[in-house]
Structure formats: structure tokens, C-alpha cells
Amino acid sequence: MWEFANWRSNDDPTERLRQLRLHIAEVSQHVLGTSTRGLSVTPADPQYLARLEASEDQLRKEVTRPSIARNKLRIRD
């Protein structure tokens, strides 16, 4: 049913975030009860969408947080 429901299986955090955002988009359409073609679909649980959005927020912070390893690799002039 969900094309991007396997977003957690990706090892790359940036790609996982991208897939999660796509999954949120597809779930949002089902929460609203419409498809991209304007057809009526079975609505999804709004709590599921809220959990996905919380996961997105947490993952976004993880992806955008500067890592210690990157800071160590900076070359100073």
C-alpha cells in the first residue's frame, strides 16, 4: 500500500529523511481521504501521521547537526 514505508531500512540518514518525507506526503493524502488524482481513498490513522512527523523532526536534527568527525576534518589556514 505504501511505496515509501520502508524509509527506516536505508542506512544513509540523508536518504532516509528524503524517503520519510515522501512517505509523509503519501500518508497525508490518505489522512485527507484523497488521492493525487482526486479520487476518494480510505483514510489513514492521523496518529500515524503525527508519529511520522515527529520522526522527521528528530531525523532532520540528526542530519543537520554537525558531526564531530566533520569538525575534526576541517583544514585550517
Side-chain angles (χ1 to χ4, degrees):
M1 178 175 161
W2 304 115
E3 185 175 347
F4 300 101
N6 65 342
W7 61 272
R8 288 186 176 139
S9 65
N10 198 306
D11 291 333
D12 177 12
T14 304
E15 183 61 20
R16 190 167 51 242
L17 179 60
R18 185 188 76 76
Q19 289 180 339
L20 173 56
R21 286 178 172 161
L22 291 170
H23 185 49
I24 288 172
E26 66 186 354
V27 170
S28 294
Q29 292 171 352
H30 282 265
V31 168
L32 297 174
T34 59
S35 72
T36 55
R37 296 184 185 127
L39 303 172
S40 179
V41 296
T42 303
D45 177 10
Q47 293 304 315
Y48 179 57
L49 181 59
R51 289 189 304 272
L52 289 174
E53 289 171 336
S55 294
E56 178 192 18
D57 187 47
Q58 183 178 5
L59 187 55
R60 181 182 41 77
K61 289 175 185 174
E62 178 184 322
V63 168
T64 59
R65 181 179 37 209
S67 73
I68 294 171
R70 278 191 297 212
N71 289 337
K72 288 183 178 179
L73 292 175
R74 287 189 194 159
I75 299 172
R76 297 183 186 219
D77 294 324

Engineer: List for me each residue that meets side chain to side chain donor-acceptor pair (under 3.5 Å) alongside R18, sequence neighbours excluded, and say none if there are none.
Structural biologist: E15
Engineer: Hey, what do you get for CG (L52) to NE2 (H23), rounding to the nearest 0.5 Å?
Structural biologist: 4.5 Å
Engineer: I need the minimum non-hydrogen distance between E26 and E3, along with the two atoms involved.
Structural biologist: OE1-N, 3.2 Å
Engineer: Treat each ILVMFWY residue as a node, draw an edge where side-chain heavy atoms are under 4.5 Å apart, and state whether L20 and Y48 are in one component.
Structural biologist: yes
Engineer: Under the rule for side chain to side chain donor-acceptor pair (under 3.5 Å), what residues qualify as partners of E53, not counting sequence neighbours?
Structural biologist: none
Engineer: Checking R21 now: which residues fulfil salt bridge (charged side-chain N to carboxylate O under 4.0 Å, His left out) with it, not counting sequence neighbours?
Structural biologist: E56
Engineer: Verify the cluster assignment for F4 and L17: are they in a single hydrophobic cluster under the rule of side-chain heavy atoms below 4.5 Å apart?
Structural biologist: no
Engineer: With the 4.5 Å side-chain cut-off for hydrophobic clustering, are V63 and I24 part of the same group?
Structural biologist: yes
Engineer: Quick one: list whatever passes side chain to side chain donor-acceptor pair (under 3.5 Å) with Q58, sequence neighbours left out.
Structural biologist: none
Engineer: List the atom pairs, with distances to 0.1 Å, where a side-chain N or O of residues 5-13 and a protein N or O form a donor-acceptor pair under 3.5 Å, not counting sequence neighbours.
Structural biologist:
unit_1	atom_1	unit_2	atom_2	d
S9	OG	N6	O	2.6
N10	OD1	D12	N	2.9
D12	OD1	T14	N	3.3

